[in-house]
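Notes follow once the structure below has been shown.
A quick note: this is a predicted structure, and the numbers were derived from the prediction, not measured. A note on names: the letters A, B, ... follow the listed sequences, proteins ahead of strands, and every chain is numbered from 1.
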Amino acid sequence: METLSSGVIGVIIGGTHPENPVVQILSMKRIPSGSQERWRLLISDGKWSSSFAMLATQLNNKVASGEISNNCIISMNRYVCNTVQENKKVLIILDLKVTKTGAEVGCKLGSPVNYDPKKSASEQQEQPAQQQYKAAAPKASPSMAATGGNVQRNPLGQHNAPANGPSVTRTPSGGSVNPIESLTPYQNRWTICARVTNKASIRTWSNSRGEGKLFSFELLDESGEIRATAFNDEVDKYYDMIEADKVYFITGASLKTANKQYNNLNNDYEMSLNRTTEITPCHEATAIPTMQFNFVSLDQLEALPKDTILDVIGVCKEVFDLSHVTMRSTGKELTKRDLSLVDTTAREVRLTLWGTQAETFDGSQQPVLAVKGVKLSEFNGRSISVLSSSCVQINPDIREAHMLKGWFDNGGNVAETINLSSRGGSQGFGSGIYKLFVEAQQSTGADKPEYFCVNGTVVMVRKDNSMYTACPKEGCNKKVVDQSNGMYRCEKCDQTYDTFQWRIMLGLCVADISDSQWITIFQDQAEQLLNTTSNELGALKETNKEDFEKIMDSVLFKNYNFKLRCKIETYNGESRWKGTAVNLSDVEPKEHSQRLITEINKLAEEA
DNA sequence: CCCCCCCC
């Protein structure tokens with residue numbers, strides 16, 4: 001009992017900041033906080049108890065490992081007590097030492113009474129016990145409390161050296177530094193001291209609401225992380241000043257709710273710089289870490305929704321060659337490189353790097369890659385793609401990386417893995433998620449095309465207008481205008497040719513067990529389907545209508561695997577589902593049955 | 001106030 005700092009909870013709530021107070025954790029509760037795990041603790045000092053304590057997320061692993069458990073006794077080596085709305089206090093434990101494990105203690109010590117901050121100190125202390133800590137410090141002044149201002153942590157001016165080395169607790173003007181974790185939109189006076197962990201380049205936008213430029217960066221301190229964005233004037237003012245890895249004092253920015261769709265940082269809020277923002281470099285030595293990852297193990301990827309932004313770590317088991325792709329929307333050429341990542345969950349996933357990062361990547365030594373902020377895609381099951389806002393670290397000097405490398409070098413490299421990026425088992429075609437049309441109709445989004453496979457039967461062929469005369473220039477494919485003089489004009493090339501080439505654009509009505517759907521099939525895939533060339537088919541169309549139709553009808557009531565690119569398109573207010581076959585194959589009965597069996601087993605498991 | 005991030 002005497003091991004606990006009796007009465008210290010009241011002292012802390014009263015505004016004092018005693019060093020290394022010792023308390024008992026009575027219980028822990030995981031609270032909903034975005035996607036991030038966050039723990040609220042019921043702590044006791046033997047005299048009082050309170051559930052105002054939260055564990056800084058970088059200590060979550062101590063819960064997972066069982067180091068922190070009910071009844072354990074901890075020394076709070078670093079902590080902050082902040083006032084949130086309505087004078088409510090929140091204690092965030094930044095660093096702690098377990099002095100006795102829960103098992104060693106085994107029970108609640110003493111008979112602590114819940115500390116009620118609404119009652120005065122004297123009301124709570126019917127029988128003032130021998131206090132190790134006197135609640136002598138003045139409370140926060142009413143004006144500070146009204147603005148959600150922070151309690152002076154050190155009224156006697158005795159700096160509490162944190163256990164982990166130096167940490168900045170004073171702003172240049174002598175005020176107190178607030179932890180990022182404590183920032184909320186309800187609070188307008190704060191200063192943080194944080195390291196820039198990721199700085200994006202300047203980007204411009206133009207939409208119906210206007211246009212402008214922006215850049216964003218990420219900030220980290222010992223309590224947490226937050227994203228910050230500068231717009232327009234603030235871009236000019238701060239872009240050159242803000243440097244990655246440097247530490248700054250920041251005050252006077254506005255806070256708003258983070259959109260989790262685009263922000264995977266461990267914070268429910270993000271900040272925008274504004275006219276009142278002040279940023280000053282911090283040159284003091286600090287214990288602020290350089291990067292905070294919230295790793296998702298690879299075996300969790302299948303359960304997460306598409307487009308989730310997340311952090312992963314894995315060993316680069318295999319590297320593929322550079323390749324070039326053309327952007328659908330702009331026709332821009334892109335360089336990419338795929339590689340496979342593995343981790344101890346015996347999963348393998350494909351990661352795509354882009355541009356310079358793809359070109360300069362060297363995977364020959366099978367490095368560990370820690371990637372912050374990658375996008376999960378559904379392609380071929382699951383794969384992940386690096387974004388411009390992502391941060392890729394190769395062989396980072398962090399515990400997880402050393403652990404993974406150790407695992408990999410001691411058998412992990414030859415361990416059997418489940419490849420998340422080759423659904424269906426085979427490489428090339430056949431891999432990819434199979435869906436029914438009804439499922440596809442539900443999952444297809446308006447803006448982004450989606451890829452999946454269907455197994456379906458051709459039930460109708462649209463023979464009319466299935467062929468057109470196209471520009472003979474390689475890669476143009478634009479329809480030409482017949483000049484009726486043996487010449488053909490391409491508007492796109494602004495040229496007139498004495499020849500053209502036939503191209504196929506065929507509408508097929510495909511039915512599966514759930515629905516039927518008209519899809520479009522172009523040139524290469526159509527030639528494959530019809531087992532002919534477009535020029536032969538075009539000639540036939542002109543000379544022998546009967547044979548032409550025979551070829552078209554030859555695919556009727558045949559079963560194929562189609563890989564489709566689909567999206568919802570809107571024409572003057574009316575939306576329609578649109579699918580294009582980007583690939584097709586005959587149905588291999590064995591493979592098809594195997595897939596059905598797998599699906600049946602899965603259904604049986606769920607039932 | 002952005003929120004694009006590509007390709008199979």
Taking any heavy-atom pair under 4.0 Å as a contact, classify [X]: base, sugar-phosphate, or nothing.
{"X": "Glu333(A)", "value": "nothing"}
{"X": "Arg337(A)", "value": "nothing"}
{"X": "Lys375(A)", "value": "sugar-phosphate"}
{"X": "Asn263(A)", "value": "nothing"}
{"X": "Ser272(A)", "value": "nothing"}
{"X": "Arg203(A)", "value": "base"}

Open item on the list: Distance check, rounded to the nearest 0.5 Å: Lys567(A) atom NZ versus Glu450(A) atom CD?
Closed with: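 Here the interatomic distance stands at 12.5 Å.
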- [ ] Shoot me the first and last contacting nucleotide of DNA chain B against chain A, ordered 5' to 3', at under 4.0 angstrom to non-hydrogen atoms.
- [x]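 Using the under 4.0 Å cut-off, the span is dC1(B) to dC8(B).
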Open item on the list: According to side-chain contact (heavy atoms from CB on, under 4.5 Å), who are the partners of Pro367(A), at least two apart in sequence or on a separate chain?
Closed with: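 So Pro367(A) forms a side-chain contact (heavy atoms from CB on, under 4.5 Å) with Cys316(A), Phe361(A), Leu369(A), Ile394(A), Asn395(A).
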TODO: Not counting sequence neighbours, which residues clear ring-ring contact (aromatic ring centres under 6.0 Å, His included) with Trp502(A)? List them please.
DONE: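 With sequence neighbours excluded, Trp502(A) shows a ring-ring contact (aromatic ring centres under 6.0 Å, His included) to Phe500(A), given in chain and number order.
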Task: Partner residues of Phe249(A) under the ring-ring contact (aromatic ring centres under 6.0 Å, His included) criterion, sequence neighbours left out - done: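 ring-ring contact (aromatic ring centres under 6.0 Å, His included) check on Phe249(A) returns nothing, list empty.
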Side-chain polar contacts of residues 329-336 of chain A - donor-acceptor pairs under 3.5 angstrom, sequence neighbours left out - could you list them?
unit_1	atom_1	unit_2	atom_2	d
Thr330(A)	OG1	Lys332(A)	N	3.2
Glu333(A)	OE2	Thr326(A)	OG1	3.2
Lys336(A)	NZ	Asp338(A)	OD2	3.4

Open item on the list: Keeping Lys372(A) on the side-chain end and Gln292(A) on the backbone end, is there a donor-acceptor pair under 3.5 Å?
Closed with: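 Present.
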- [ ] Output the residues of residues 210-218 of chain A in contact with DNA chain B, where contact means a heavy atom of the residue under 4.0 Å from an atom of the strand; sort by number or write none.
- [x]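 Of all residues in residues 210-218 of chain A, the ones placing a heavy atom under 4.0 Å from DNA chain B are Leu214(A).
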TODO: Going by the side chain to side chain contact (heavy atoms under 4.5 Å, CB included) test, name the single residue among Leu564(A), Leu508(A), Ile521(A) that passes it with Leu584(A).
DONE: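 Filter result, single survivor: Ile521(A).
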- [ ] Indicate yes or no: at least one non-hydrogen side-chain atom of Leu273(A) is less than 4.5 angstrom from one of Ile279(A).
- [x]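 A side-chain contact under 4.5 Å exists here.
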